[in-house]
Amino acid sequence: MKILGIDIGGSAVKGAPVDTATGRMLAERFRIEMPKVVTPAAMAKLVAEIARHFKWRGPIGIGFPGVIQGSRTMTSANLHKQFIGCDTGKLFARATRCRVMLTNDAAAAAVAEMTFGAGRRFQGTTLLLTLGTGIGSALCAHGTVVPCEFGHLPLHGKSAERYVSATARKRRELSWAEWGKELGEYVRTLEGLLWPDLIIIGGGVSAKHAKFFKYLKPRARLVPAKFRNGAGIVGAALAAGRRP
Ligand code: BGC
């Protein structure tokens with residue numbers, strides 16, 4: 001099946017058609033930068049522009065950085081607040097005139113990694129964390145992926161992602177060692193609660209895993225995601241393909 005995968009991030013929206021049987025992108029991805037925070041209506045136009053770029057008429061899977069319930073987006077920590085409670089699925093379906101299925105972005109990445117990436121064929125409990133503007137999380141076992149919101153685990157009275165996301169490292173001007181040690185404490189806290197067998201770290205910063213993995217020191221096996229930036233697009237398409 002061919003599904004258009006779209007990944008909505010804090011600073012860009014990108015998409016490409018995906019072959020769900022192989023997890024391969026069928027064309028070079030199309031990316032639209034967002035210099036400022038945009039409303040759901042403005043985002044719908046960008047999503048429609050991506051669909052138009054590929055002359056798309058089929059199903060669309062979209063990874064969104066927030067809690068999804070049905071076709072609604074229930075939280076929006078790093079996007080426009082108008083997304084909170086918005087029927088974003090319906091809005092995007094109207095704008096593209098296609099069937100649209102939304103998935104949490106980290107859950108989408110987890111589907112890609114567990115199907116074709118670093119967790120392929122692994123049946124044990126897997127925790128996937130994406131480190132970007134926020135921290136995305138998903139728990140996987142036996143082919144099931146459950147979206148989680150561990151980026152909002154309280155730390156110093158705020159969401160942990162405010163201190164240990166990849167963006168927080170830059171904003172706080174931390175060295176790899178300083179950030180790695182704080183991130184390690186956070187990862188080990190999650191580990192003590194969830195006891196995963198495998199931890200997969202995704203997000204753009206996972207390409208630099210050699211700089212900070214040594215500070216994390218979890219009990220579980222720790223690996224970088226195989227799909228670096230493509231996980232969101234591929235996973236959103238795969239997740240949409242799994243829906244009835
Ligand atoms: C959101 C999550 C999302 C993560 C990564 C968090 O702020 O609450 O839903 O997966 O950022 O984008």
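Reckoned from all heavy atoms, side chains included, excluding hydrogens, waters and symmetry mates. Atoms within a ligand are numbered from 1 in the order they appear, just like the ligands themselves.
- Distance from atom 12 (O) of ligand 1 to its nearest protein heavy atom, with residue and atom name: Asp105 OD2, 2.6 Å.
- Heavy-atom proximity to Asn78, at under 4.0 Å, picks out these atoms of ligand 1: 7 (O).
- Residue-ligand proximity: Gly151 is placed with every non-hydrogen atom at 4.0 Å or more from ligand 1.
- Under a 4.0 Å criterion applied to the non-hydrogen atoms of Asn104, ligand 1 contributes the atoms 2 (C), 3 (C), 9 (O), 10 (O).
- Using a 4.0 Å cut-off between charged side-chain N and carboxylate O, Glu33 and Arg31 make a salt bridge.
- Of the protein's non-hydrogen atoms, Glu149 OE1, 3.5 Å is the one closest to atom 1 (C) of ligand 1.
- Annotation: atom 11 (O) of ligand 1 to nearest protein heavy atom, Glu161 OE1, 3.6 Å.
- The cationic group of Arg169 lies under 6.0 Å from the six-membered ring centre of Trp176 and within 45° of the ring axis, placing it in a cation-pi geometry.
- Ring centers of Phe64 and Phe83: under 6.0 Å apart, within the cut-off.
- Atoms of ligand 1 found under 4.0 Å from any heavy atom of His152, numbered from 1 in the order shown, are 1 (C), 6 (C), 7 (O), 8 (O).
- Ring planes of His156 and Tyr163: perpendicular class, angle over 60° (limits at 30 and 60°).
- For ligand 1, the atoms closer than 4.0 angstrom to any heavy atom of Gly66 are 9 (O).
- Counting atoms of ligand 1 from 1 in the listed order, those under 4.0 Å from a heavy atom of Ala77 are 7 (O).
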**OP:** For the pair Thr133 and Asn78, evaluate side chain to side chain donor-acceptor pair (under 3.5 Å) and give the outcome as yes or no after the intermediate values.
**Re:** CA-CA 7 Å; Thr133 312; Asn78 298 302; 5.9 Å; no

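- Every atom of ligand 1 with a heavy atom of Gly136 under 4.0 Å away is listed here by number and element: 4 (C), 5 (C), 10 (O).
- Lys217 and Glu185 are not joined by a salt bridge, as no carboxylate oxygen comes within less than 4.0 angstrom of a charged side-chain nitrogen.
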**OP:** Before giving the answer on salt bridge (Lys or Arg N to Asp or Glu O under 4.0 Å), spell out for Lys14 and Glu28 the whole-Å C-alpha distance, their side-chain angles and the decisive distance to 0.1 Å.
**Re:** CA-CA 10 Å; Lys14 39 201 192 261; Glu28 203 177 312; over 6 Å; no

